[in-house]
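Chain identifiers are assigned alphabetically (A, B, ...) following the order of the sequence lines, protein sequences preceding nucleic acid strands; residue numbering begins at 1 within each chain.
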Amino acid sequence: MNYNITVKEFLEEAKAGNIDYSDFSFRLFKEAEKLNKKYSLLQCIAKGKAKKGPELFGLPVSVKDNICTKGLQSSAGSSILDGYLPPFDATSVKRIKEACGMIIGKTNQDEFGFGTFSVNSAYGVPKNPLDPARSCGGSSGGAAGLTQALDMPHVALAESTGGSISCPAAFCSVIGLTPTYGLVSRYGLIDFANSLDKIGPIGRYVYDTALLLSVIAGNDPRDSTSLQVAKKDYTKCMSNDVKGMKIGVPKEYFKSVDSKIEKTVWAAIKKLEANGAKYEKVLLPNTKYALSAYYIIATAEASTNLARYCGMRYGLHLKLEGNFDEYFSRVRSKGFGDEAKRRVILGTFARMSGYRDAYYLKAMRVRTLIINDFRKAFKRFDVLAAPTMPILPPKLSAIAKLSPIEQYQMDVLTVPANLAGMPMISMPAEEKKPIGLHLIGNHLNEDKILRAASAYEVMR
Amino acid sequence: MPKEKISLETIKHVAKLSRLELTEEELKKFQKDLDDILLAFKELDKARPKCQASFQPLPIKDVTREDKEEKCLSREEALANTKHKERGFFKGPRAV
């Protein structure tokens, strides 16, 4: 049988009993190993056995390295978690297994999600399958790269703090869905920043992401920030109709954007208009503060989260020498990469007595302004449309020459909606092109962004 | 936002609080990086937010569960990932 089929076709074939699972698995893992040698997309491959029941019928699902998966190394791209085999599954992974998804491995990422290009991983740098000299984007680079490269049914479980689903989805020309903050349980996620982290799917088609979201979304008593929302079949939000949809186009999101991206995204918006949607420009005046506020909040939270890594309970261990201060410092200095150290220092500084009000608390207040900008806009519009990234995927050799702040500045378009916890989809504005059309919705309006995205997928 | 540049002494202090042993070279590199980053963040100085801080993006109520005993990790599972254990306990470095 030819297995170069879509997720939807796979489910239909599986329901009809037409999948030879041992043959399918054999070919899938052979292909995954071949692609991994070529592009370094996975930290490990797990040759699981497919379960044939509903809802996923043995559909292959890859899991980002920072989401705990029982018995599989879950290291968040960091040496400090080398060898860590979680004794439990994250809620999202547990739900995928219960829905008969087959976990096929852990995808490569920036250490703890600290990066925009996936170059900060202890397990190799994933290469973009569209052009191996270029970055996959980050931090879920392996997830998006594998989704692009693997021409077999597969969905990736990824995670975003400030754009880590949207950015790699744009660079690898696939679909990335970041859900509303709290819609998907964070239990079992190796935290970066608790008030920002969101687990979500990356897929080849909008349907694939809606399907996986339906499996993983819903309240979880193990995550106190998880929203009380009933389970829902998000594939039912798909539509090929955008008639009457009101689209806001934020003016600020086109400043300093590559001209090719600007042109392509505008063409996409005009296509939506030609199919019955109405668009208007909108102002989100506090956008200019989002990047600074985001990096202060994210690093402040990260610096507390990373305090737990001290070489005692899991991951990297050294010989127990010296007192606890000396031992912990030695382990952390050896186990953390450069970017992790930089962010711990920045975050600790921002929370330090004398600086806390000026940086951390001010950033938290500015976050309210940004949330209010979005709330105001969503009184008039169903979705906002903009470019996902201001640049095309850079060459890996060019990234090495960027300073840390120059790298952070690449997140300028993804951080505002992430800071506000809004749901968003990045999808290729043109097929096989690394240019993302970013569709942002109001809190819990996943149905509207899925409607616009699925319709655009058909008209594209 | 404070106007002065970050001194090497401040970076040393922050590294100590962060439990990081940094070489002189690393200290100097992070001092420069932090200066560049904070300079770029000066934009925040212009913001005059007169609103409450949002510690979460959505309003979240306290959630508690019923105070009932539940299954948790076994001692073996909890200790499975450590090399430093003794008689069923984690073994840590000395306190002083």
Side-chain angles (χ1 to χ4, degrees), chain A residues 84-85 87-88 180-182 195 221 224-225 227 286 288-289 292-293 295-296 303 310 312-315 317 320-330 332-333 336 341-342 344-346 348-349 352 355 358-359 361-369 371 403-405 408-409 419-421 443, chain B residues 1-2 6 10-11 13-23 26 29-30 32-34 36-58 60-65 73-74 76-85 90-96:
Chain A
Y84 172 52
L85 303 174
F88 70 105
T180 303
Y181 175 81
S195 81
S224 63
T225 59
L227 300 172
N286 293 295
K288 55 183 178 285
Y289 305 129
S292 317
Y295 269 96
I296 290 168
S303 66
C310 58
M312 267 183 66
R313 290 161 298 173
Y314 37 67
H317 287 68
L320 280 177
E321 274 176 350
N323 67 24
F324 74 97
D325 238 354
E326 291 156 353
Y327 177 75
F328 293 170
S329 302
R330 203 150 36 88
R332 291 162 63 78
S333 307
F336 289 147
K341 288 178 186 169
R342 187 176 292 111
V344 166
I345 285 178
L346 179 58
T348 306
F349 176 79
M352 228 163 62
Y355 298 99
Y359 290 104
L361 283 179
K362 185 156 191 188
M364 285 295 193
R365 287 200 184 94
V366 165
R367 179 190 220 174
T368 308
L369 298 179
I371 295 170
S403 71
I405 185 65
Y408 300 173
Q409 281 161 342
L419 208 45
H443 289 147
Chain B
M1 250 182 219
I6 308 294
T10 305
I11 293 288
H13 179 58
V14 176
K16 190 168 182 280
L17 291 177
S18 312
R19 304 283 188 277
L20 288 173
E21 273 176 9
L22 300 179
T23 61
E26 280 180 311
K29 180 176 69 178
F30 290 136
K32 188 191 175 305
D33 290 347
L34 212 62
D36 289 350
I37 292 165
L38 296 176
L39 184 71
F41 290 179
K42 284 260 180 242
E43 185 74 33
L44 267 189
D45 281 346
K46 295 179 204 152
R48 293 278 175 269
K50 291 192 177 64
C51 46
Q52 293 282 316
S54 291
F55 291 98
Q56 305 283 344
L58 283 92
I60 288 166
K61 284 185 221 141
D62 283 339
V63 184
T64 53
R65 67 168 178 86
L73 288 183
S74 66
E76 289 70 32
E77 284 172 317
L79 290 166
N81 276 284
T82 186
K83 287 179 190 155
H84 300 320
K85 57 189 157 191
F90 289 104
K91 190 179 171 189
R94 57 185 170 79
V96 285

Under 4.5 Å from a heavy atom of chain A, the part of [X] involved:
{"X": "B/K91", "result": "both"}
{"X": "B/S74", "result": "neither"}
{"X": "B/V14", "result": "both"}
{"X": "B/F55", "result": "both"}
{"X": "B/E43", "result": "both"}
{"X": "B/I6", "result": "side chain"}
{"X": "B/K29", "result": "side chain"}
{"X": "B/L34", "result": "side chain"}

Exam field: side chain [X] to backbone [Y], donor-acceptor pair closer than 3.5 Å:
{"X": "B/S54", "Y": "A/R367", "result": "no"}
{"X": "B/R19", "Y": "A/F328", "result": "no"}
{"X": "A/R365", "Y": "B/A47", "result": "no"}
{"X": "A/S333", "Y": "B/L20", "result": "no"}
{"X": "B/N81", "Y": "A/G315", "result": "no"}

Does the side chain of [X] reach to within under 4.5 Å of the side chain of [Y], using non-hydrogen atoms?
{"X": "A/N323", "Y": "B/V96", "result": "no"}
{"X": "B/D33", "Y": "A/I345", "result": "no"}
{"X": "B/I37", "Y": "A/Y408", "result": "yes"}

Discussion item. I need the residue from A/E321, A/E326, A/Q409, A/M352 with the largest number of non-hydrogen atom pairs under 4.5 Å to chain B.
Written reply: A/M352
Worksheet item: Which residues pass the side-chain hydrogen bond (donor to acceptor under 3.5 Å, both in side chains) test with B/H84, sequence neighbours left out?
Response: A/Y327
Item to complete: Using the side chain to side chain contact (heavy atoms under 4.5 Å, CB included) rule, take A/I405 and B/L39 through it: C-alpha gap first, then chi angles, then the decisive distance, then the call.
Response: CA-CA 10 Å; A/I405 185 65; B/L39 184 71; over 6 Å; no
Worksheet item: Taking only residues two or more places apart in sequence, or in another chain, which ones meet B/E76 in a salt bridge (charged side-chain N to carboxylate O under 4.0 Å, His left out)?
Response: none
Fill in: When B/V63, B/D36, B/L58, B/I60 are compared by non-hydrogen pairs under 4.5 Å with chain A, the top option
B/L58
